[in-house]
2 protein chains.
Amino acid sequence: MAATIKDIAKKTGLGLATISSYLNGGNVREKNRIKIEEAIEELHFEVNEVARGLKTNKTKIIGIIIPELNNIFCAEIITEVEDQLRSQGYATMICDCRTDERREEEAVEFLLHRRVDGLIIMPSGRQGKYLNRFTKAGKPVVVIDRKLDGVDCDSVLVDNEGAARDAVGRLLKAGHRKIGMIAGPKDIYTAQERYRGYCLALKEAGIEPEARFAAWGDYTIEGGASAMKELVTRNSDMTAIFVSNYEMTMGAIIEINELGIRIPDELSFIGFDNVEFAKASIPKLSIVTQPTEEIARHVAALMLKRLEESGDTDGHQAVKLKTSFVEGKSV
Amino acid sequence: MAATIKDIAKKTGLGLATISSYLNGGNVREKNRIKIEEAIEELHFEVNEVARGLKTNKTKIIGIIIPELNNIFCAEIITEVEDQLRSQGYATMICDCRTDERREEEAVEFLLHRRVDGLIIMPSGRQGKYLNRFTKAGKPVVVIDRKLDGVDCDSVLVDNEGAARDAVGRLLKAGHRKIGMIAGPKDIYTAQERYRGYCLALKEAGIEPEARFAAWGDYTIEGGASAMKELVTRNSDMTAIFVSNYEMTMGAIIEINELGIRIPDELSFIGFDNVEFAKASIPKLSIVTQPTEEIARHVAALMLKRLEESGDTDGHQAVKLKTSFVEGKSV
DNA sequence: TTGAAAGCGCTAACAC
DNA sequence: GTGTTAGCGCTTTCAA
């Protein structure tokens, strides 16, 4: 099979240490360097990262656990994170857990066995105890988009409350008073925050949030559609709606389409994420967008930094990023 | 750090081979089994897959190379493939190459060093020589959605020509004669096939395809939008259009929206992939959809099969799957 | 069934 | 600078 450094040593007549030194950027006599390079070329030698990993106790692999790869928000972040990490020589091992906490724990186990050097996770639940197996092993954990109870790690968050507050504020400014919201699952951190922002904006305008105006979806297209239907059926007086994630935005639009409701004449609409979809809708949707690339860069940078430090657990960081608002014609 | 089988051996007073045998499902005396299990429990022992990989020369990792993770067609397939493989104990290492052939070669190199057991790839180019380093090492390669020149591997394809032919046939049946097509990059296999299907349908209806009715996009949203603009500007007599991938479908719709063209009154439209988007559009779009889940299952099954065979290169397979058509109100 | 021992390919002391 | 050597944690003969 593949050549090893032993073969190179034999071929060049040099010792193992010299080859290893060359491979790791050490100093090697010019003459030998050439010999080594020739031998590598000739034998098609390639470092065996597995053996290296065993020896150094570093795999140069980062585990990534996400609720759903097939979700544009996740995909955008992961794409960028993977890119950043790979450019630094780190491979990524992605586990899609289908928003299932049990699978998530299994994935942690799985990655632990694989001896990944660090873990990046966008958790489904709130509890993070099972992550402590990582932190205890001195391996860095970076959490995306959620706050986790009981784990010692860095996190990169988005100002969800502010985003929702701002969006609902815009509806209020446009004169709306009966504003509905399609919220996410009650047990998900971002969903809670966005709902809080919605309530906050209403209260600031002197309006008491009414339960009938809130529907709790599940961050899926189907959930968005049925929540939309529920709200419309229940509240004939509702004049505007704020939908709090991309999948549900799409679902809501599908349902609105289905019901023949006209935007913005009969209902004003503010959605979430995915500029392209917003532009493709008729009329163009006004939406809140999250800075996925920025999130990804922060995540990768944090991970890389922790990896370098190797052990110095100086206080963990929690970065919080701002969302943007893209104006359409749906309000 | 983590416990090793040596620790277990010491603790139980047994030999290494016994522990290893237990770990790999071998026969161990009941009494010893219990002792081992207790020790494992107590010491929090976990198999080190890296060491195992070095010894067995199998990493139980499958490399996946794709043009763009942030592309729903890819994401859907990868999600399912990853799921299937993980359920069989295989981890996946995903490399997103941003549709860049140079990056793709780098990724192959990268994964080769990592000693992945197999490779699943959706290539950007047509040439696959650089994949031979895998096949020569006796490692299975499965290609998705493209036909590659000069590589010995399995592939899972979609009947693109038939799909396009069918779609255009529907437009013809609806009475259209001046039908435009937004095709993909000329050097991509699927794009060529879809274009061929378009031409075929026209010819079958006695119409000679005209160059002015074809715009060559690049499978991106922006590309779809500008191709749309180009076609509309160039052909005032065009009454229908067929767009040949999801991103361009979205781009085309954005542009149509921008230009204020009404569907289907002024222009009939058939798009590609992503049922949800099609449903969310006004009017609902008629689209061709690819069986992503089925593709993924075939890919995973083929890979797993090859992995088991370990070396018997009995003739390689090329599975070809059918697309579906989802009727909307855009024709 | 179990134990001893060798070795997978590499790195890292250490001595020269 | 370079060679020698020991081992990372595991599997796998081979004997017992």
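Everything quoted here is computed from the prediction, not taken from an experiment. To find a chain, count down the sequence lines: A is the first, B the second, and so on, and within it residues start at 1. Basis for what follows: all heavy atoms, side chains included, without hydrogens, waters or symmetry-related copies.
Of the two residues near DNA chain C, A:Ala17 and A:Lys6, the one whose nearest nucleotide lies more 5' is A:Lys6. Mapped onto DNA chain C by nearest heavy atom, B:Ala51 and A:Leu23 fall at different nucleotides, with B:Ala51 at the one closer to the 5' end.
Minimum atom distance to the side chain of A:Leu14 is reached by D:dG3, of the listed D:dC10, C:dG9, D:dG3. You'll find that the side chain of A:Thr56 is closest to C:dT11, out of D:dT2, C:dT11, D:dC10. The side chain of B:Arg29 lies closest to C:dT1, out of C:dT1, C:dT11, D:dT12. Between D:dT11, C:dT11, D:dG9, one nucleotide has an atom nearer to the side chain of A:Ser20 than all others, and that is C:dT11. Set against D:dT11, C:dT2, D:dG3, the side chain of A:Thr18 has D:dG3 as its closest nucleotide. Side-chain proximity of B:Leu16 to D:dT4, C:dA5, D:dT2: nearest is C:dA5.
Following rounding to the nearest Å, A:Asn32 (CG) and D:dG3 (C1') show an atom-to-atom distance of 12 Å. In this structure, A:Ile36 places its CD1 atom 10 Å from C1' of D:dT2, rounding to the nearest Å. Following rounding to the nearest Å, A:Asn48 (CG) and C:dG7 (P) show an atom-to-atom distance of 18 Å. Rounded to an integer number of Å, the gap from B:Ile5 CD1 to D:dC10 P is 5 Å. Rounded to an integer number of Å, the gap from CD1 of A:Ile8 to P of C:dT11 is 13 Å. Distance A:Lys10 NZ to D:dG3 P: 15 Å, rounded to the nearest Å. Regarding B:Ile19, its CD1 atom lies at a distance of 13 Å from the C1' atom of D:dT11, rounded to whole Å. Taking atom CD of A:Glu49 as the reference point, atom P of C:dG9 lies 14 Å away to the nearest angstrom.
The base of D:dG7 sits with one of its N or O atoms less than 3.5 Å from a complementary donor or acceptor on the side chain of A:Lys55.
Within 4.0 Å of A:Thr4, counting heavy atoms only, lie sugar-phosphate atoms of the nucleic acid but no base atom. Looking at heavy-atom distances under 4.0 Å, A:Tyr22 makes no contact with the nucleic acid at all. A:Val50 comes within 4.0 angstrom of no nucleic acid atom, judged by non-hydrogen atoms across all strands.
Inter-residue side-chain proximity for A:Ile62 and A:Leu119 is flagged as unmet; no heavy-atom pair is nearer than 4.5 Å. No side-chain heavy atom of A:Arg306 sits under 4.5 Å from any side-chain heavy atom of A:Val141. Inter-residue side-chain proximity for B:Tyr219 and B:Glu247 is flagged as unmet; no heavy-atom pair is nearer than 4.5 Å. Using a 4.5 Å cut-off on side-chain heavy atoms (C-beta onward), B:Ile121 and B:Val142 make no contact.
Using a 4.0 Å cut-off, some side-chain N or O of B:Asn24 falls inside it from OP1 or OP2 of D:dT11. Neither OP1 nor OP2 of D:dC8 sits under 4.0 Å from any side-chain N or O of A:Lys58. Phosphate proximity of C:dG9 to A:Arg52: absent, as no side-chain N or O sits under 4.0 Å from OP1 or OP2.
When the options B:Ile66, B:Asp154, B:Ile120 are evaluated for a side-chain contact (heavy atoms from CB on, under 4.5 Å) with B:Ile144, the one that passes is B:Ile120.
Checked by atom type, the side-chain pair A:Ser124/A:Glu104 shows a donor-acceptor distance below 3.5 Å. Of the N and O atoms on the side chains of A:Thr59 and A:Asp117, at least one donor lies less than 3.5 Å from an acceptor on the other residue.
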Dot-bracket notation for DNA chain D, counting Watson-Crick and G-U pairs under 3.5 Å, with | for partners on another strand: ||||||||||||||||

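Counting non-hydrogen atoms of neighbouring residues, nucleotides and ligands closer than 6.0 angstrom, the NZ atom of B:Lys129 reaches no more than 12 such neighbours.
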